[in-house]
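As structure tokens, the structure follows; a few thoughts come after it.
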Amino acid sequence: MKQFYITTAIDYANGMPHLGHAYEKVLADVISRVRRMRGESVHFLTGLDEHGQKVQQSAERKGIEPLVFCDTMADAFKALCVKLEVSNDDYIRTTEVRHKTVVEKILQDLYDQGVIYKAKYKGFYSARAEQFLQEKDKVEGAWPEIYGEVTEISEENYFFKLSEHQDWLIDYIKTHEDFIFPKFRAKQVLEFLKEPLNDLCISRPKERLNWGIELPFDVNYVTYVWFDALINYISAVGYGSERFENCWPVDYHVIGKDILVPAHAIYWPIMLKAIGVEMPKSFVVHGWWLAAGAKMSKSTGNTVEPLDLVDTFGADAFRYFLMREMNVGQDSDFSQELFDVRYNVLANDLGNLVSRLLNMGHRYCEGTVPAMHVEEGPEKELKALWDATGPKVLELYDGLQFHTALEDIFKFIAGVNRYAEVRAPWKLAKSESAEDRKLLETSLAVMAEGLRLASVLLAPVIPSTSRRIEVLLGLPEVMAFEGQLDWSDCLKGNTLGEKVILFPRPELAKA
RNA sequence: GCCAGGGUAGCUCAGUGGCAGAGCAGAGGACUCAUAAGCCUUUGGUCGGCGGUUCGAAUCCGCCCCUUGGCACCA
């Protein structure tokens, strides 16, 4: 059976991990976890793009070999995955043999087909910046000082034929509505395709760049960027072998909006078409985090490094914030204040509810989940809220609407808190009557069940916390939604765990 | 300039033809199991502007304004 295959873009090894990297991984991870809980076999890939001029330069500045430099970067990015509880099944580095052999094979095949050809490329080159410049780099018609002397040079390079695929690609995008999410991004691609495509330069002479994969048909060149980086999506899953059929076509390429056009929506489909491989099913194009008020916080010395929040508040709180705050595809603001608001919800609504239940469970029921004896108005009302919440959240998850899904889950959690106020078990506990005793037991059982259900739904977003709640409720690990989202009395007789604070106040968290 | 996103309560945003919504912030209250948490009540909006379609428009159409981003062999 084909696996659900999902990728992130591979990160560029030149810079250290930041919020954007973290978000993309968490987003892909949450999607992966939803699929796994839906019973699918998932293959989740992320990785590192290690070739190129900037990496070469960074290594030179440090006086080390490029690969040694990349090793340290790979360690840093892998550590980020671990820190964020990202459940990737594989990690591809473009310096690995398994990747290079595929890149070389594809280049050679396309060269043999005549789809890659050699031609002269003419352009303005800045020796100081070591790069070709474009017209748009000009300021008021002149090259800015930072480029130093700019000369028009011509250079022989290899090109990949794009233009003959233009009509086909336009048609494909128009007829495959799910190809690009959100849909408005497809319009931008089509807009881009209104202009004729130029062929893509895919090589650099070794005098200018030697940290790359050598062209199999010309030792004087290395391949450049796209024919290296994009191919990771198929090299990592064994392109050319039987294993490949198990994963491809990829279900989701999760990428940032900056690399949709032209790389992923144009170059990549055409490359795949040229080598006779099926199209990806869908691109998930996310927006950016905007550091609102960044200047202000810098000047006041209160700069927040987003990833530090993971150390202070934990991976789950961080993941919850990312998923709750951002509408996938749109941009979002990031600030400490916004984070604090979301954290308070976790602590006050969810964490505190756990505290209430555990405390009363131990105090009134000897640490055991009692039976539900009655089902009256308050119970029916909460159950009805659950019946509306569960299926809706799954639907929202499937539609990548994580922000609204979380909103709905927390409306349900608020419903459980409201239920507790209505039944007020702490009052019932003072009564001697047998009826009140039954109500007391029912109310705690209902609260426990509400927590169980919420925790199952939350598992893809805050996996550790969900697991902790399950343990506190005396449950084995929940691996799937199937059979776990029905209101039941399955907790009856379970032993409750010792009281614990799931989301401590920040000042306590630091202590 | 062209293209796209956004413009709804003090803040962050849901809401695609049927009485303007949520959370947070603000105000008041009852309670006490709980992380000074939770619960109840409540203040607060010309839905960017103008025109049009419609019995009815935040929603559909046109024009305009503000804002963010993109505009190719750049990673």
Side-chain angles (χ1 to χ4, degrees), chain A residues 9 11-15 49 51-55 121 123 129 131-137 157 159-160 162 182 184-204 224-226 229 257-263 266-267 287-288 290 292 324-327 329-333 335 337-338 340-342 344-364 401 403-404 407-408 410-411 413-414 416-430 440 443-444 447 499-509:
Chain A
D11 303 311
Y12 194 49
N14 190 48
D49 176 17
H51 293 121
Q53 193 166 49
K54 286 183 180 170
V55 172
Y121 174 64
Q131 65 177 30
F132 278 93
L133 305 176
Q134 297 152 46
E135 282 299 316
K136 68 169 185 179
D137 293 322
N157 263 311
F159 291 81
F160 173 57
L162 291 179
F184 74 81
R185 293 281 173 209
K187 289 185 204 161
Q188 293 184 340
V189 178
L190 290 171
E191 191 61 30
F192 187 90
L193 284 167
K194 280 181 182 168
E195 300 295 318
L197 287 172
N198 294 325
D199 290 344
L200 176 66
C201 179
I202 61 152
S203 68
R204 288 293 183 271
Y224 190 58
V225 190
W226 303 120
K257 65 179 186 180
D258 52 325
I259 54 173
L260 177 68
V261 186
I266 293 172
Y267 300 159
W288 286 350
L290 309 172
R324 178 64 187 82
E325 195 69 25
M326 188 176 272
N327 179 347
Q330 310 274 9
D331 293 342
S332 279
D333 280 330
S335 74
E337 288 71 26
L338 290 168
D340 289 345
V341 167
R342 301 300 186 192
N344 283 340
V345 170
L346 279 177
N348 298 343
D349 291 24
L350 178 58
N352 184 50
L353 178 60
V354 170
S355 293
R356 303 175 85 178
L357 173 69
L358 294 180
N359 197 61
M360 289 193 280
H362 285 289
R363 192 187 289 208
Y364 307 138
Q401 303 298 301
H403 62 308
T404 30
E407 187 179 2
D408 282 337
F410 275 81
K411 276 181 182 165
I413 290 170
V416 180
N417 273 312
R418 209 177 309 123
Y419 170 82
E421 300 293 332
V422 172
R423 280 299 183 205
W426 51 92
K427 285 182 184 165
L428 296 167
K430 290 171 186 164
L440 165 63
S443 63
L444 294 189
M447 287 172 68
K499 194 182 156 182
V500 61
I501 301 295
L502 291 182
F503 299 100
R505 296 271 134 218
E507 55 274 17
L508 299 173

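All values reported here derive from a predicted model rather than from experimental measurement. Throughout, a chain's letter reflects where its sequence line sits, starting with A, and its residues are numbered from 1.
Taking atom P in both B:U8 and B:A34, one finds a spacing of 42 Å when rounded to whole Å. A distance of about 15 Å separates the P atoms of B:A9 and B:U59, rounded to the whole Å.
Residues A:Phe503 and A:Asn348 fail the side-chain proximity criterion, which asks for heavy atoms closer than 4.5 Å. The side-chain heavy atoms of A:Met447 and A:Met360, taken from C-beta on, include a pair separated by under 4.5 Å. In this structure, A:Asn198 and A:Phe159 have side chains that are not in contact, with every pair of non-hydrogen atoms separated by 4.5 Å or more. At a threshold of 4.5 Å between non-hydrogen side-chain atoms, the residues A:Trp226 and A:Ile202 do not count as touching.
Residues satisfying the side chain to side chain donor-acceptor pair (under 3.5 Å) criterion with A:Arg342, sequence neighbours excluded, are A:Glu325. With sequence neighbours excluded, the residues satisfying side chain to side chain contact (heavy atoms under 4.5 Å, CB included) with A:Val422 are A:Pro378.
Taking only side-chain atoms of A:Lys257, from C-beta outward, the nucleotide of B:C33, B:G69, B:A4 with the closest atom is B:G69. The side chain of A:Lys499 approaches B:U35 more closely than any other nucleotide in the set B:U32, B:G5, B:U35. Between B:C33, B:U35, B:G5, one nucleotide has an atom nearer to the side chain of A:Leu502 than all others, and that is B:U35.
Interface residues of residues 191-201 of chain A facing RNA chain B, ordered by number: A:Glu191, A:Phe192, A:Glu195, A:Pro196, A:Leu197, A:Asn198, A:Asp199, A:Cys201; criterion, heavy-atom separation under 4.0 Å.
When the side-chain nitrogen and oxygen atoms of A:Asn352 are compared with OP1 and OP2 of B:G38, none of them lie within a distance under 4.0 Å. Close to B:C74, at under 4.0 Å from its OP1 or OP2, lies no side-chain N or O of A:Lys54.
Across the protein-nucleic acid pair, A:Met326 atom CE and B:U68 atom C1' stand 13 Å apart, rounded to whole Å. Put simply, CG on A:Leu260 is 15 Å from P on B:A72, counting in whole angstrom units.
Between atom CD of residue A:Glu407 and atom CZ of residue A:Arg324 there is a gap of 5.0 Å, rounded to the nearest 0.5 Å. The distance from the CG atom of A:Leu350 to the CD1 atom of A:Ile413 is 4.5 Å, given to the nearest 0.5 Å.
Two residues, A:Phe503 and A:Phe159, neighbour RNA chain B, and the one matched to the more 5' nucleotide by heavy-atom proximity is A:Phe503.
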| task | For RNA chain B, just give me the dot-bracket, please: Watson-Crick or G-U, both distances below 3.5 Å, ( ) intra-strand, [ ] crossing earlier pairs, | paired with another strand, . unpaired. | result | ((((((((.[[[[.)..(..]]]].((((.........)))).....[[[[[..)....]]]]])))))))....
| field | Annotated protein contacts, base or backbone, on nucleotides 8-14 of chain B with a non-hydrogen cut-off under 4.0 Å, one of B, S, - each | value | ----S-S
Tabulate atom names and distances for all N/O pairs under 3.5 angstrom spanning the protein and nucleotides 39-41 of chain B.
from	atom 1	to	atom 2	distance (Å)
B:C40	OP1	A:Arg418	NE	3.3

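Under a cut-off of 6.0 angstrom, the local environment of NZ in A:Lys257 is crowded, with over 12 non-hydrogen atoms contributed by other residues, nucleotides or ligands.
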